[in-house]
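A quick write-up on the structure given underneath.
Fair warning: this is a prediction, and the values are worked out from it, not measured in the lab. Numbering of ligands and ligand atoms starts at 1, following listing order. Quick note: residue numbers are just sequence positions, from 1.
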Amino acid sequence: MESSPVGIRDVLAIPDFRRLWTALSLSSLGDWLGLLAQSSLAVSLAGGGYASRSYAVAGVFVVRLIPAVLFGPIAGVAADRLDRRWTMVTGDSARCLLFISIPLMGTLWWLFAATFLIEIAAMFWIPAKEATVPNLVPPRLLEPANQISLLTAYGTAPIAAGVFTVLALITKALAHQWTFFTAQPVDLALYFDALTFLFSALTIARLKSIPARSAMERAAARRHTEDHRSPLRTLLEGWRYLGIDKRIRGVIIGTAGAFAAGGAVVGLARTYVGDLHGGQAAYGVLFGTVFLGLAAGMFSGSRMLPGMARERLFGSVIFAAGVVLCLFALVPVLLISVVCALVIGFLGGTAWIIGQTMLGREVADELRGRTFAFVQSLIRVILVLILAVAPAVAGVFGAHTLPLPGAAVTYGGAAITLFGAGLLAAGVGWVAYRMMDDVPGKSLRNELKAALKRSTAATSTRAGGAAGPGADPGPTTGAAPGSMPGAGTGTGTQAGTGAVTSASSTGNVALLPGSGAIERTAHTYTGTFLSFEGGDGSGKSTQLNLLADWLRGRGHEVVVTREPGGTPLGTKLRAIVLDAHNADVISPRAEALIYAADRADHVERVIRPALERGAVVITDRYVDSSLAYQGAGRALSAREVELLSHWATQGLMPDVTVLMDLDPIEAARRRKTPADRLELESVEFHRRVRNGYLELAAAEPERFIVIDAREPVEQIAGRIRARLEGRIHLSRQQRTEEAERREEERRKAAEQRAVQMAELSDAERRRAEAEAEQRDQAQREQEAREAARQEHRRRLEEDAARAERAARERAQNNADLATRLGQTERPSITSEPTATPPRATTPTHTTAPPAQPPASPNAEDIATPSTRGEWEVPDYVAEPELDEEPEQDAMALADELFGVRQQTRHGGEDA
Ligand SMILES: Nc1ncnc2c1ncn2[C@@H]1O[C@H](COP(=O)(O)OP(=O)(O)OP(=O)(O)O)[C@@H](O)[C@H]1O
Ligand SMILES: Cc1cn([C@H]2C[C@H](O)[C@@H](COP(=O)(O)O)O2)c(=O)[nH]c1=O
């Protein structure tokens with residue numbers, strides 16, 4: 001699929017699509033303009049008191065929504081069986097005539113009746129348009145075609161608001177000359193609206209390439225539309241799926257609340273503007289501003305505060321929108337209302353995108369469609385209810401005057417109801433926040449501060465360009481005990497840092513407190529690396545095994561392993577380190593080294609080979625255990641612990657880490673075996689460990705999936721599966737099965753077609769055969785392209801993995817050779833552990849600068865952080881030489897080492 005700007009340009013280059021798009025733009029513009037004009041006219045026609053005006057506006061909205069709720073499926077069925085071009089032309093023509101009729105009739109009841117009929121016409125028009133797009137564009141351009149359609153459908157709202165405002169101003173100017181315009185303030189807008197539909201109808205009428213529907217298509221459409229359910233039924237069925245997951249409930253409740261508040265704003269905005277003595281133009285501006293904010297929120301809101309957990313951001317954003325809505329209602333100044341409307345729109349758009357993304361990401365494939373359908377139905381029903389109720393509430397409240405010191409402020413019923421809607425949104429935001437809070441132990445304020453700090457730092461890093469010497473974070477004050485690397489919170493662990501960021505799932509660099517970059521190796525393997533983390537007894541092994549079974553069932557080679565104890569050496573080390581009799585025998589630093597030794601062996605013998613084979617490796621504990629237990633628990637320097645692990649693993653980090661979060665007391669209750677040396681530690685120790693984990697997770701939300709481990713086993717398993725969707729590479733077997741499945745589907749479709757063909761006339765059959773052949777051909781081409789892309793990617797990954805293996809061997813040879821040559825120069829083992837390691841020149845490699853020759857690669861040296869950059873990630877990663885044998889380099893290497901010795905001598909540090 002091409003969804004880039006290039007894709008959009010390509011799709012607009014298709015003349016027929018361009019025409020359809022023009023028609024869509026005009027129709028959408030007419031739709032939005034109609035909404036504004038109808039609601040404004042309702043106020044003028046209602047006359048009378050406050051309540052009747054409010055009701056008139058709400059009536060317009062309810063009448064607009066009712067056709068979709070009641071007759072959606074019927075219209076869908078009918079639209080599917082009719083000729084699409086003429087359906088659209090008729091729909092647009094009908095809307096044109098109906099809009100003209102509204103000012104001509106000039107009564108409220110006809111306004112409602114016409115609005116109702118206009119909506120019914122729209123319900124025929126929309127499915128016909130959607131079904132037409134694939135007839136006009138090739139499959140590869142369908143996605144950009146849909147994108148641009150969506151953009152047009154919503155993007156015309158602010159334009160409509162602008163047009164409405166201009167027309168209102170023109171009407172006002174003309175009213176000085178002609179009394180007609182004084183009496184009919186929105187007639188101009190309604191006539192203009194009618195024109196947009198007329199032009200749309202004429203454009204579509206000329207679109208001869210929209211095919212008339214074949215008998216077979218009509219039969220297929222009949223079958224398809226028989227499956228349609230009414231929104232009400234979908235809504236009732238949806239309740240069953242709500243039990244799935246607390247966080248999904250959080251998203252749905254948040255969305256419902258946000259729409260309820262939004263519905264109140266839409267339903268009362270016209271009355272509210274009137275209360276503030278604003279006219280049509282002010283209403284247009286307010287309406288357009290909300291949509292501008294909405295579009296901005298949808299576009300860029302989700303990129304706000306990148307380090308903050310989306311689950312927390314969702315509820316917080318709705319809460320904030322509620323607070324701003326209260327402000328909107330409380331300050332009766334139009335200018336402030338417009339600013340508030342912009343902010344509310346922005347926050348609403350942000351919440352909408354986060355919620356939709358979470359539903360897409362978290363709900364398992366088999367439930368996703370129903371969940372989305374449920375949300376859509378829920379939104380419609382809520383909007384109808386709120387639009388019906390809000391004006392009544394406003395009417396009941398009526399206007400009240402608040403005696404404030406200095407001046408009395410009068411609030412209309414609309415303002416009071418909007419204030420209530422703000423409170424509702426804030427309350428719902430709070431509930432959603434609580435339901436979705438993955439990291440309950442961590443304060444929101446700290447997370448917000450850290451996220452703000454991170455995004456500011458990221459901005460300043462971007463502004464400063466590539467990190468040069470000037471951008472170096474500078475000397476560190478040292479990490480506070482227990483503070484997590486990169487977590488960015490706590491007691492000033494980042495003092496002096498200018499660029500603190502967390503590693504992203506694709507990025508390879510994690511910046512540590514007050515340090516330079518710790519390099520992570522590039523993904524040079526084809527497998528997927530997952531780790532499970534959490535306190536003792538939090539349910540890691542249970543979940544890890546369930547996940548492994550599920551992945552195996554999907555054709556993956558899965559390697560389940562653990563730390564400590566994933567290798568023969570590890571088993572021995574595990575026995576020592578966990579032996580309860582050794583309680584006072586092992587000092588914290590020795591403990592850290594034992595775990596690091598176990599990890600080095602584990603990575604070398606088990607994890608890397610499996611990843612290079614393409615397996616999914618799931619390890620029960622990894623580096624984060626050391627950071628949480630030895631770093632936060634034992635209060636060793638988090639940075640030193642990370643460097644140690646980094647050295648042991650050569651920077652290999654998991655693609656995804658599942659953190660099972662559970663209160664240590666609850667975890668201890670679950671224990672069925674005698675406590676080991678670590679489990680015997682105090683509750684305070686285990687609390688520090690838990691907080692340490694949560695800090696790590698907050699610092700790297702892309703890598704971590706935090707799970708509330710209090711929930712039932714099966715529920716957790718489902719959630720983990722849903723959240724891992726799309727993050728595990730396809731196995732070779734899966735690729736083959738996928739191809740076989742597609743072939744089988746094609747075969748079945750061909751059989752089905754043959755049966756249907758037998759029922760058709762000769763001419764219809766020929767046409768249907770030609771259409772089917774075209775479709776098959778397009779699909780085959782698409783699949784072949786996709787397969788070629790995947791194969792290409794796989795080869796690249798395999799090449800890179802091979803290059804890394806060869807280079808590692810070469811590095812080993814370097815080390816052996818250096819030892820044989822008697823190179824004895826060593827850096828001091830006691831070098832400052834928090835000194836800034838060399839900064840990576842690219843995320844994937846570190847090249848030793850000539851001015852800093854490699855020190856002797858002796859085991860003890862390598863343990864020294866300051867030499868890490870020179871020896872640990874050799875220059876092979878920079879320029880992989882795929883087929884070169886390590887032996888071929890021996891002579892060159894000897895020269896190089898000799899050269900190195902020369903340089904060292906010149907540097908005055910001869911051995
Ligand atoms: N969601 C759950 N609800 C209740 N009990 C659970 C749940 N998950 C696991 N358990 C039980 O809790 C105990 C510990 O589970 P498990 O061994 O999976 O945890 P663990 O994190 O791997 O422990 P350890 O760190 O000690 O290896 C087991 O008895 C298991 O049956
Ligand atoms: C890898 C690792 C582990 N630990 C601790 C954490 C646990 O208390 C035990 C391992 O026991 P489990 O039953 O396998 O969970 O070791 C640690 O302190 N540091 C580490 O790096």
(request) Start with the C-alpha gap between R621 and D536, add the side-chain angles, then the distance that decides, and say whether salt bridge (charged side-chain N to carboxylate O under 4.0 Å, His left out) holds. (result) CA-CA 10 Å; R621 301 194 178 281; D536 296 272; 3.8 Å; yes

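- Proximity of M660 to ligand 1, defined as any heavy-atom pair under 4.0 Å, is not found for any part of the residue.
- The side chain of R599, and not its backbone, has at least one atom closer than 4.0 Å to an atom of ligand 2 (non-hydrogen atoms only; side chain from C-beta on).
- For atom 12 (O) of ligand 1, the choice among R562, K540, R670 with the nearest heavy atom turns out to be R670.
- Nearest protein heavy-atom neighbour of atom 21 (O) of ligand 2: S626 OG, 2.6 Å.
- At the top of the distance list for atom 1 (N) of ligand 1, counting protein heavy atoms only, stands E711 O, 2.9 Å.
- Ranking the protein heavy atoms by distance from atom 23 (O) of ligand 1 puts G537 N, 3.1 Å first.
- With a heavy-atom cut-off of 4.0 Å, D620 does not touch ligand 2 at all.
- Looking at heavy atoms from C-beta onward, S531 lies in side-chain contact with T619 at the 4.5 angstrom threshold.
- With a heavy-atom cut-off of 4.0 Å, Q630 touches ligand 2 through its side chain alone.
- Residue T542 places at least one N or O, backbone or side chain, under 3.5 Å from an N or O of ligand 1.
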Expected list for residues 662-669: side-chain donor-acceptor pairs under 3.5 angstrom, two or more places apart:
from	atom 1	to	atom 2	distance (Å)
D663	OD2	I665	N	3.2
E666	OE1	R669	NH1	2.9

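- From the protein, the heavy atom lying nearest to atom 14 (O) of ligand 2 is R574 NH1, 3.0 Å.
- Screening R634, R688, H686 for a side-chain hydrogen bond (donor to acceptor under 3.5 Å, both in side chains) with E681, the sole residue that qualifies is R634.
- The nearest protein atom to atom 19 (O) of ligand 1, hydrogens excluded, is given as G539 N, 3.0 Å; this is a heavy-atom distance.
- Within the structure, ligand 1 has R621 among the residues with a heavy atom less than 4.0 angstrom away.
- Counting only heavy atoms of the protein, atom 9 (C) of ligand 2 lies nearest to L578 CD2, 3.6 Å.
- Applying the side-chain contact (heavy atoms from CB on, under 4.5 Å) test to A597 and every residue at least two apart in sequence or in another chain returns L573.
- Polar contact with ligand 1: present for S538 (N/O pair, distance under 3.5 Å).
- Side-chain polar atoms of Y595 and Q630 form no donor-acceptor pair below 3.5 angstrom.
- Under a 4.0 Å heavy-atom criterion, E679 is in contact with ligand 1.
- Closest to atom 8 (O) of ligand 2, if we only count protein heavy atoms, is D536 OD1, 2.7 Å.
- Ligand 1 does not have G534 within reach: every non-hydrogen atom of the residue lies 4.0 Å or more from it.
- Of the N and O atoms on the side chains of D620 and S541, at least one donor lies less than 3.5 Å from an acceptor on the other residue.
- The protein atom (non-hydrogen) at minimum distance from atom 3 (C) of ligand 2 is Y595 CE2, 3.3 Å.
- Within 6.0 Å of CZ on R670 lie more than 12 heavy atoms contributed by other residues, nucleotides or ligands.
- Contact annotation for R621 and ligand 2: only side-chain heavy atoms (C-beta onward) come within less than 4.0 Å of the ligand.
- Around atom 27 (O) of ligand 1, the closest heavy atom drawn from S541, G535, A717, P712 belongs to S541.
- With Q543, K672, E533 as candidates, the residue nearest to atom 28 (C) of ligand 1 on a non-hydrogen basis is K672.
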(request) Apply the test side chain to side chain donor-acceptor pair (under 3.5 Å) to residues S645 and R599: give CA-CA distance (whole Å), side-chain angles for both, the deciding distance (0.1 Å), then the verdict. (result) CA-CA 8 Å; S645 274; R599 188 159 301 135; 2.7 Å; yes

